[in-house]
Protein chains: 2
Amino acid sequence: MPDTTDPAPMNAPSRRKFRREGEGRRRQDLIEATLDSVAEHGLQGATLRTIALRAGVTAGLIRHYFPGKEELLQESYTALVGRMTELAKAALVMDGASPRQRLAAFVTANLNAPIIDARVFSLWATFIGRAGADTALARAHREGYLGFRNEVEAVVAEVLAAEQRKPDAGALRHHAIAINAIIDGLWMEGCLAGEMFSPGELATIGIKAVEAELGLAPQDQFQQK
Amino acid sequence: MPDTTDPAPMNAPSRRKFRREGEGRRRQDLIEATLDSVAEHGLQGATLRTIALRAGVTAGLIRHYFPGKEELLQESYTALVGRMTELAKAALVMDGASPRQRLAAFVTANLNAPIIDARVFSLWATFIGRAGADTALARAHREGYLGFRNEVEAVVAEVLAAEQRKPDAGALRHHAIAINAIIDGLWMEGCLAGEMFSPGELATIGIKAVEAELGLAPQDQFQQK
DNA sequence: AGGCTATTTATACACTTGCACAACAAGGCC
DNA sequence: GGCCTTGTTGTGCAAGTGTATAAATAGCCT
């Protein structure tokens, strides 16, 4: 029995208008939409249709740019990690600053916006929760973490060298691990409960803790600029 | 046209045998199966059928103990948080120990098994990633975190009192926040990459960092027991 | 032993999901 | 302008989802 009802009378074949975008742009839009979806609804809520809707396209298009959903998620996570580490490292390039000032700036940068950010934390946690089962995710994290820690270790070495101290490799590594933990821990606290801390408070706590870890004498206020 | 094929010849009505368990036991089994499923396959992979299979029951039974999937997940998370904080606090009850020893024991306990555990971390990350969107989750975490930090603050106060130091409330709070961050950060590192550290190494790093934060003189080896 | 009831199984259902594919049209190329 | 490539849409489908509910049975009570 054929369908006699005609919901769209005659002018029916209205098809959605669209624009062709460059491959780079579309991929980036899709990745951004994926991260937004994951941040908002978790991995379970990030369906192809949700993502496509947010990106302003239809679901079928995703398969034109990515082999499948898993690849889209992996590329999205890689993009996220890349952006995070890039931001963190950017705080280290300060020409004409003392090692100690650079270390303090590094800590400060990592304990304020945009690195302290609830959305980024939500994404990080969601993805990292699967690192135990997903080796690709685990490796992506491991590389990012070690890169970060090496940066810390390099700055610490400079700071101590400026203080005429020459720690052995083991002590240096321990300092880097501890400082890394301080930054990570405060980062988590700030992301999860930012309103519990006054602006700049976390950075102050972090700098003090890091300098205590390195056994640096408290910095005189007048030397700081 | 009726079905003439008879796949299960006559003896068909074989139904799965089962045992009736007490309500408490079943609920606990279901929660444990839920946590296992989430840890292994993430929230998206934790389906009612998977959970039921792991618990040794059929999916329908879950609805007999929980109104829906969401309630099961929430109760599971609550159980997880409860177990974690319980473990952490248990390390603090040491009769006849000096405050400093208790603090060190607290740090040590939190940086070794069973608190350093990849499965627990995976669970924690998976759930906490949704704290930004789920207010019930966020509150559960907030309470756990503040409880933990208050414990830290209390021990820190004892330690400093034993050293004849009387910090004001603000300094005490900052110490607690920093120490909390040190423990959290090292906990994360240990859970994510435990094999990168030798046994007890994280605890050593943690104790040193905490004592540096509090400005305690390095402990003599012979005074420790 | 025999029945009662709450626990448990099994099936059904409406809905969503990721993926496949055919139709279509946007925009560069001649 | 007209064609041709390919980015894009829309539809279809099988598998899986949470939930609802009827049928069965385990184990206690008398």
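Values reported hereafter were calculated over all heavy atoms of this structure, with side chains retained and with hydrogens, waters and symmetry mates removed. Labels below follow one simple rule: chain letters A, B, ... track the order of the sequence lines, proteins then strands, and each chain is numbered from 1.
Pairing each heavy atom of B:Leu111 with each of B:Ile116, the nearest pair is C-CG1, 3.3 Å. Minimum heavy-atom separation, A:Arg19 to A:Arg26: O-NH2, 3.0 Å.
More than 12 non-hydrogen atoms from other residues, nucleotides or ligands lie less than 6.0 angstrom from CD of A:Glu21.
Here B:Tyr65 lies in heavy-atom contact (under 4.0 Å) with sugar-phosphate atoms only. Note on A:Thr47: only backbone sugar-phosphate atoms sit closer than 4.0 angstrom, heavy atoms only; bases stay farther off.
Here C:dT17 presents its P atom at 18 Å from CD of A:Glu70, a figure rounded to the nearest Å. At whole-Å resolution of the value, CG in B:Leu53 and P in D:dG16 are 14 Å apart.
Residues from residues 21-43 of chain B lying near DNA chain C, meaning a heavy-atom separation below 4.0 Å, are B:Glu21, B:Arg26 in numerical order.
Summary of the strand contacts: A:Arg49 and A:Gly56 both lie near DNA chain D, and taking for each the nucleotide with the nearest heavy atom, the more 5' one is attributed to A:Gly56.
A salt bridge between A:Arg54 and A:Asp29 is absent, with no side-chain N of the basic residue lying under 4.0 Å from a carboxylate O of the acidic one.
Phosphate proximity of D:dT8 to A:His64: absent, as no side-chain N or O sits under 4.0 Å from OP1 or OP2.
Distances were taken from every side-chain heavy atom of A:Arg63 (C-beta onward) to each of C:dA20, D:dT17, D:dG7; the shortest belongs to C:dA20.
Under the 30°/60° scheme for interplanar angles, the aromatic rings of B:Trp124 and B:Trp187 are found to stand perpendicular.
Evaluation of atom-type donor-acceptor distances gives no pair under 3.5 Å for the side chain of B:Arg19 against the base of D:dG27.
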